[in-house]
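All remarks here apply to the structure that follows.
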Amino acid sequence: MRITVVASGLSVPSSTRLLADRLAAATAARTEGAEVTVVELRELAVDIANHLTGGFPSPRLASAIESVTDADGLIVVTPVFSASFSGLFKSFFDVLEPESLAGKPVLLGATGGTPRHSLVLEHALRPLFAYLRAVVVPTGVYAASQDWGAEGDDYAAGLAERVDRAAAELAALLAPDARPTPPRPIAHGRRDDEPANVVPFAERLAALGIEQPRDPRG
């Protein structure tokens, strides 16, 4: 089971990478045969910018994109900049092909200096991945500076509980009998699973013995 972690922290070490590693370890512990790959966007910043302006990915950016699109599940973590995800984080997902994340389980994470930014998970990250038609687990994990211990390794019980709950939700989606089936593509203006014949509303009313109301405008 392939799990790809996308971390967009800018410093080394980074609380964003630390949270990403915690989430990955907790998910792998609950997923049989898990293979974890980490994509550090800080190392790909120039490649992403060149792809946005030139239209062609470098070999290492292409490898990172393949790791994301071929994964069975994703863990994505961004620092909070100006009350939203970082520009580097958004730029990476901008270069992905449309529909490449459709139906893919995703766990959301974010880090920031204050708990006041925790709603970034709901007002920025979740709408983004809903638009990409990914399957986002219910629990997102936000870590503020106060959630980490003085040594930068131990973390508070509240964060540990959120990590465990989110990891369990992602692992449940990665189970072989729980993988979501991506919706079939739209063809000729109609989804393949839509009925070919649509009964007009007036006929439905007539079948029920209900007279269709007259237009008051005559």
Side-chain angles (χ1 to χ4, degrees), residues 2-24 27 35-114 117-137 140-145 170 180 182-187 189:
R2 294 165 298 182
I3 301 171
T4 296
V5 179
V6 178
S8 61
L10 299 182
S11 60
V12 180
S14 145
S15 62
T16 299
R17 177 60 188 270
L18 184 58
L19 177 60
D21 288 343
R22 298 292 188 184
L23 292 168
T27 303
E35 299 177 5
V36 178
T37 301
V38 178
V39 175
E40 274 279 11
L41 297 187
R42 179 182 59 83
E43 301 171 356
L44 298 169
V46 174
D47 302 77
I48 293 170
N50 288 339
H51 183 24
L52 287 170
T53 57
F56 296 96
S58 65
R60 65 175 184 171
L61 177 58
S63 177
I65 292 173
E66 183 178 6
S67 294
V68 168
T69 56
D70 288 353
D72 296 298
L74 298 178
I75 297 171
V76 299
V77 187
T78 177
V80 176
F81 289 164
S82 300
S84 187
F85 37 66
S86 71
L88 178 60
F89 181 88
K90 180 60 163 59
S91 295
F92 175 73
F93 288 99
D94 282 343
V95 304
L96 299 185
E97 290 294 326
E99 306 293 326
S100 61
L101 299 187
K104 195 179 298 295
V106 177
L107 192 165
L108 306 177
T111 59
T114 169
H117 289 306
S118 61
L119 286 177
V120 70
L121 294 167
E122 305 305 325
H123 70 64
L125 284 168
R126 198 174 295 275
L128 170 62
F129 286 92
Y131 174 79
L132 296 173
R133 299 174 62 198
V135 179
V136 182
V137 304
V141 181
Y142 177 84
S145 298
L170 180 58
R184 285 176 286 184
I186 297 175

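All values below were derived from every heavy atom in this structure, side-chain atoms included, with hydrogens, water molecules and symmetry-related copies excluded. All values reported here derive from a predicted model rather than from experimental measurement.
Panel note: side chain S63, backbone P59; no donor-acceptor pair is recorded below 3.5 Å. A donor-acceptor distance shorter than 3.5 angstrom exists from the side chain of R2 to the backbone of D70, with no hydrogens or angles considered. Checked by atom type and distance alone, the side chain of K104 pairs as donor or acceptor with a backbone atom of A71 at under 3.5 Å. Under a 3.5 Å cut-off, the side chain of T69 and the backbone N or O of S100 do not form any donor-acceptor pair.
Annotation: side chain of V120 is not in contact with side chain of F85 (no heavy-atom distance under 4.5 Å). You'll find the side chain of L132 stays beyond 4.5 Å of the side chain of L96, heavy atoms only. Using a 4.5 Å heavy-atom threshold, the side chains of K90 and T78 count as separate. Annotation: side chain of L61 is in contact with side chain of F92 (closest heavy-atom distance under 4.5 Å).
Of all heavy-atom pairs between H51 and P57, the closest is ND1-N, 3.5 Å. Pairing each heavy atom of F129 with each of L108, the nearest pair is CD1-CD2, 3.6 Å. When all heavy atoms are compared, the tightest approach of G113 to Y142 is N-OH, 4.1 Å. The nearest pair of heavy atoms linking V39 to A64 is CG1-CB, 3.8 Å. Between A24 and V5, the shortest heavy-atom contact is CB-CG2, 3.7 Å. For the pair A7 and A20, the tightest heavy-atom approach, listed with the atom from each and the gap, is CB-CB, 4.2 Å.
Taking CD from E40 and CG from L10, the interatomic distance works out to 9.5 Å, rounded to the nearest 0.5 Å. Rounded to the nearest 0.5 Å, atoms OG (S84) and NE2 (H117) are 11.0 Å apart. Of the inter-residue distances, the one linking T27 atom OG1 with L74 atom CG reads 11.5 Å to the nearest 0.5 angstrom. Distance check, rounded to the nearest 0.5 Å: CD of E35 to CG of D72 gives 9.0 Å. Atom-to-atom distance recorded for R126:CZ and L121:CG is 7.5 Å, nearest 0.5 angstrom. To the nearest 0.5 Å, the span separating CG on D47 from CZ on F56 amounts to 15.0 Å.
I48 pairs in a side-chain contact (heavy atoms from CB on, under 4.5 Å) with only one of the listed residues (L44, V46, N50), which is L44. Checking V76, L18, L170, L107 one by one against L23, the side-chain contact (heavy atoms from CB on, under 4.5 Å) holds for a single residue, L107.
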V12 vs R42, side-chain contact (heavy atoms from CB on, under 4.5 Å): CA-CA, chis, key distance, verdict: CA-CA 10 Å; V12 180; R42 179 182 59 83; 3.3 Å; yes
Verdict with reasoning, S91 to L52, per side-chain contact (heavy atoms from CB on, under 4.5 Å): CA-CA 8 Å; S91 295; L52 287 170; 3.9 Å; yes
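Separation of the F81 and F89 ring centroids does not fall under the 6.0 Å cut-off.
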